[in-house]
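Read the structure below first, then the notes.
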Amino acid sequence: MNFDESVAAHLDTVRQRDLPGFSATIADDVTVILPNGTLLSGREEVEEFHKGWFEDPDWKMTTTVASTRSDDETGTVIYDVTYDDLDGDGEPYSMSYVLSLSFRRKDGKWLLVHDQNTLR
């Protein structure tokens, strides 16, 4: 898969809440920064967070590409995101944030190395 196809496949695993598929798209040394500033480091922490998040059936994430750049070894895509979910009381809420995804090509496969979510 080329860079754009790999990014699309990664996002599809998120939208489908597919943990094994998601895990296949991330690097062992992946980092994630959540909208509240929490830093997740490494495959184990990132998978554990996503396992819990994917078990929540209520959320929906809509993405629009703001920019994309790649070369033979690295690539970054920036999205405008609208995130809809239910709070602890079952009340709907929405967040708008910027999502930056950085990938590195290793052994011919694009893997996520950094995921940063920044609230607007």
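- Put simply, the side chain of M61 reaches to within 4.5 Å of the side chain of L11, judged on heavy atoms.
- Contacts of K51 classified as salt bridge (Lys or Arg N to Asp or Glu O under 4.0 Å), with partners at least two apart in sequence or in another chain: E55.
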- Message: I'd like to know whether S102 forms a side-chain hydrogen bond (donor to acceptor under 3.5 Å, both in side chains) with T76, so could you lay out the CA-CA distance, the side-chain angles of the two residues, the decisive distance to 0.1 Å, and finally the verdict.
- Response: CA-CA 4 Å; S102 295; T76 300; 3.1 Å; yes
- Check step by step if side chain to side chain contact (heavy atoms under 4.5 Å, CB included) holds for R15 and T63. CA-CA 10 Å; R15 288 188 184 103; T63 57; 2.4 Å; yes
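- With sequence neighbours left out, E44 forms a salt bridge (Lys or Arg N to Asp or Glu O under 4.0 Å) with no residue at all.
- L99 is connected to F54 through a chain of hydrophobic side-chain contacts under 4.5 Å among Ile, Leu, Val, Met, Phe, Trp and Tyr, so both are in one cluster.
- The two residues V14 and F22 make their nearest non-hydrogen contact at CG2-CD1, 3.9 Å.
- Residue V30 comes nearest to H114 through the heavy atom pair CG2-N, 4.4 Å, listed as atom of the first residue, atom of the second, then distance.
- Residue pairs meeting the salt bridge (Lys or Arg N to Asp or Glu O under 4.0 Å) criterion with at least one member in residues 110-120, sequence neighbours excluded, are D80-R120.
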- Evaluation steps, side chain to side chain contact (heavy atoms under 4.5 Å, CB included), between I26 and E47: CA-CA 9 Å; I26 65 173; E47 286 176 341; 4.2 Å; yes
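- Listed by chain and number, the residues in a salt bridge (Lys or Arg N to Asp or Glu O under 4.0 Å) with D85 amount to none (sequence neighbours excluded).
- When all heavy atoms of T31 and S41 are compared, the closest pair comes out as CG2-OG, 4.2 Å.
- At a threshold of 4.5 Å between side-chain heavy atoms, the hydrophobic network of Ile, Leu, Val, Met, Phe, Trp and Tyr places V65 and V98 in two separate groups.
- The shortest heavy-atom contact between D18 and P20 is OD1-CD, 3.3 Å.
- Apart from V113 itself, the hydrophobic cluster it occupies contains nothing, where clustering links Ile, Leu, Val, Met, Phe, Trp and Tyr at side-chain heavy-atom distances under 4.5 Å.
- With values rounded to the nearest 0.5 angstrom, S6 atom OG is found 11.0 Å from L112 atom CG.
- Residue L39 belongs to a hydrophobic cluster whose other members are I33, with links defined by side-chain heavy atoms closer than 4.5 Å.
- Screening residues 61-74 for salt bridge (Lys or Arg N to Asp or Glu O under 4.0 Å), with sequence neighbours left out, gives E73-R105.
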- Message: Before you tell me yes or no, could you show the steps for R43 and D28 under salt bridge (Lys or Arg N to Asp or Glu O under 4.0 Å), namely the whole-Å CA-CA distance, both residues' side-chain angles and the distance that decides it to 0.1 Å?
- Response: CA-CA 5 Å; R43 174 179 293 280; D28 290 338; 2.7 Å; yes
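- In this structure a side-chain-to-backbone donor-acceptor pair under 3.5 Å is missing from T38 to L34.
- Ring-plane geometry between F3 and W110 is classed as perpendicular, the angle between the planes exceeding 60 degrees on a 0 to 90 degree scale with a lower cut at 30.
- One hydrophobic cluster, built from ILVMFWY side chains closer than 4.5 Å, holds both L119 and W53.
- In terms of heavy-atom proximity, Y79 sits nearest to L101 at CE1-CD1, 3.9 Å.
- For the pair R17 and W59, the cation-pi test (distance below 6.0 Å, angle within 45°) is passed.
- For the pair N117 and Y83, the minimum side-chain heavy-atom distance is 4.5 Å or more.
- Among residues at least two apart or in separate chains, there is no salt bridge (Lys or Arg N to Asp or Glu O under 4.0 Å) pair with a member in residues 89-101.
- Looking at residues two or more places apart in sequence or on another chain, you find a salt bridge (Lys or Arg N to Asp or Glu O under 4.0 Å) between R104 and D29.
- Residues D84 and T82 have side chains in contact (heavy-atom distance under 4.5 Å, counting atoms from C-beta outward).
- Partners of S67 under the side-chain contact (heavy atoms from CB on, under 4.5 Å) rule, at least two apart in sequence or in another chain, are I78.
- Not counting sequence neighbours, Y97 has no partner by the ring-ring contact (aromatic ring centres under 6.0 Å, His included) test.
- Among pairs with a residue in residues 31-42, none fulfils salt bridge (Lys or Arg N to Asp or Glu O under 4.0 Å), at least two apart in sequence or across chains.
- For the pair E5 (side chain) and M1 (backbone), a donor-acceptor distance under 3.5 Å is absent.
- Taking the six-membered ring where the residue is Trp, the centroids of H10 and F103 are separated by under 6.0 Å.
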